[in-house]
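Reading through the structure tokens given below for one structure.
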Amino acid sequence: MTYWCAVQTHVRSEDKAAFHLRRQGYEVFLPKHLKRRNHARRIDWVASPLFPRYLFVAIDPDTTPWWAIRSTVGVGNLIRFGDAPAVVPADIITEIRARQDEKGMVKLHAGCTFKRGDRVKFIDGPLNELEGLFESPTDEDRVTVLLSLMGREVKVHVPLETVYACA
């Protein structure tokens, strides 16, 4: 019976470990998401592991030489309870896969959670650090925000991930 188990990798070696495990014939699942990164006065969105230092491997303990996983390049250890690999419930893997988009990135939010009139703050682009009032969602990934600029109310349409709730 095949099941999923968790593998701990070395620091920032998730891709390396996944590559070498696949090369050995293991089925590997390394969920990633888009992470915001500030660098040199620029904001980038980069693919990053959903669980830093961890990935999942499907094994059949009766037929798969799972002990070889521990000596794979990039792998730190196999999560075990006693002498057997710990089982990750298949429902968890199924749920994570269900949240992946067409590019394989896991979507962390399930749509817009703002209500009309909520105060929001921009964290990216030319409107960075400005505050406004949430107006409405326009589609799955964009929203409309009311800004007060030069004594006028102006509606702007921006990506959802560029606005956060004001504290």
Side-chain angles (χ1 to χ4, degrees), residues 2-59 64 66 69 72-79 85-116 118-132 134-145 156-167:
T2 301
Y3 61 84
W4 290 95
C5 63
V7 173
Q8 184 180 33
T9 67
H10 295 294
V11 177
R12 289 190 278 290
S13 294
E14 299 89 356
D15 289 318
K16 182 191 299 183
F19 171 79
H20 288 286
L21 286 166
R22 284 187 186 108
R23 224 177 92 215
Q24 294 175 47
Y26 293 102
E27 182 182 354
V28 177
F29 179 50
L30 175 56
K32 293 187 175 191
H33 69 107
L34 287 176
K35 182 178 179 182
R36 183 172 179 254
R37 178 181 69 173
N38 293 332
H39 181 71
R41 291 179 289 197
R42 254 188 13 211
I43 296 175
D44 292 333
W45 293 89
V46 295
S48 181
L50 185 61
F51 306 106
R53 294 195 63 196
Y54 291 92
L55 54 82
F56 302 101
V57 176
I59 63 169
T64 306
W66 58 266
I69 292 172
T72 301
V73 175
V75 171
N77 210 344
L78 178 66
I79 306 303
V87 177
V88 174
D91 296 347
I92 293 174
I93 303 298
T94 304
E95 178 65 27
I96 295 169
R97 283 193 163 152
R99 290 177 180 242
Q100 287 180 318
D101 63 13
E102 62 280 350
K103 294 179 182 174
M105 296 293 142
V106 176
K107 295 191 95 162
L108 297 179
H109 58 70
C112 181
T113 59
F114 297 120
K115 296 184 296 277
R116 186 182 184 112
D118 285 351
R119 295 206 57 77
V120 294
K121 185 174 189 174
F122 291 90
I123 59 160
D124 192 12
L127 303 173
N128 194 19
E129 298 298 319
L130 290 178
E131 292 184 13
F134 179 78
E135 177 75 13
S136 64
T138 57
D139 62 22
E140 188 176 308
D141 296 325
R142 296 181 66 80
V143 295
T144 302
V145 176
V156 293
H157 304 285
V158 295
L160 175 61
E161 66 267 3
T162 64
V163 294
Y164 280 81
C166 287

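FYI, side chains are in, hydrogens and waters are out, and symmetry mates aren't considered; it's all heavy atoms of this structure.
Residue Arg22 places its CZ atom among more than 12 non-hydrogen atoms of other residues, nucleotides or ligands, all under 6.0 Å distant.
Partners of Asp15 according to the salt bridge (Lys or Arg N to Asp or Glu O under 4.0 Å) rule, which considers only residues two or more places apart in sequence or in another chain, are Lys32. Listed by chain and residue number, His20 satisfy the side-chain hydrogen bond (donor to acceptor under 3.5 Å, both in side chains) test with Arg23 (two or more places apart in sequence, or in another chain). Remark: Thr64 pairs with no residue by the side-chain hydrogen bond (donor to acceptor under 3.5 Å, both in side chains) rule, at least two apart or across chains. With sequence neighbours excluded, the residues forming a side chain to side chain contact (heavy atoms under 4.5 Å, CB included) with Arg119 are Glu131, Leu133, Cys166, listed by chain and number. For Thr144, the side-chain hydrogen bond (donor to acceptor under 3.5 Å, both in side chains) criterion is met by His157, not counting sequence neighbours. Listed by chain and number, the residues in a side chain to side chain contact (heavy atoms under 4.5 Å, CB included) with Arg97 are Trp4, Glu27, Phe29, Ile93, Gln100 (sequence neighbours excluded). Legend: residues meeting salt bridge (Lys or Arg N to Asp or Glu O under 4.0 Å) with Arg116, ordered by chain and number and at least two apart, are Glu135. With sequence neighbours excluded, the residues that form a ring-ring contact (aromatic ring centres under 6.0 Å, His included) with Phe134 are Phe114. Not counting sequence neighbours, the partners of Glu95 by the side-chain hydrogen bond (donor to acceptor under 3.5 Å, both in side chains) test are Arg99. In this view, Glu129 and Lys121 satisfy the salt bridge (Lys or Arg N to Asp or Glu O under 4.0 Å) rule, not counting sequence neighbours. Evaluation of the side chain to side chain contact (heavy atoms under 4.5 Å, CB included) rule for His10 yields Ser13 as partners, not counting sequence neighbours. Partners of Val87 according to the side chain to side chain contact (heavy atoms under 4.5 Å, CB included) rule, which considers only residues two or more places apart in sequence or in another chain, are Tyr3.
Closest heavy-atom contact between Val163 and Ile123: N-CG1, 4.5 Å. For the residue pair Thr72 and Gln24, the shortest heavy atom distance occurs at OG1-NE2, 3.0 Å. Closest approach of Ala58 to Thr2, counting heavy atoms only: CB-CG2, 3.9 Å. Contact record, Ile96 with Pro31: CG2-CB, 3.7 Å, taken as the closest heavy-atom pair. Residues Pro85 and Ile59 approach most closely at CG-CD1, 3.6 Å, considering heavy atoms. What you find for Ile69 and Val75 is that their closest heavy atoms are O-CG1, 3.4 Å.
Trp66 CH2 to Leu78 CG: the interatomic distance, rounded to the nearest 0.5 Å, is 6.5 Å. With values rounded to the nearest 0.5 angstrom, Leu50 atom CG is found 11.0 Å from Glu14 atom CD. Distance check, rounded to the nearest 0.5 Å: CG of Leu30 to OH of Tyr54 gives 14.0 Å. With rounding to the nearest 0.5 angstrom, the OG1 atom of Thr9 is 11.0 Å from the CG atom of Asn77. The CG atom of Leu160 sits 7.5 Å away from atom OG1 of Thr162, with the distance rounded to the nearest 0.5 Å.
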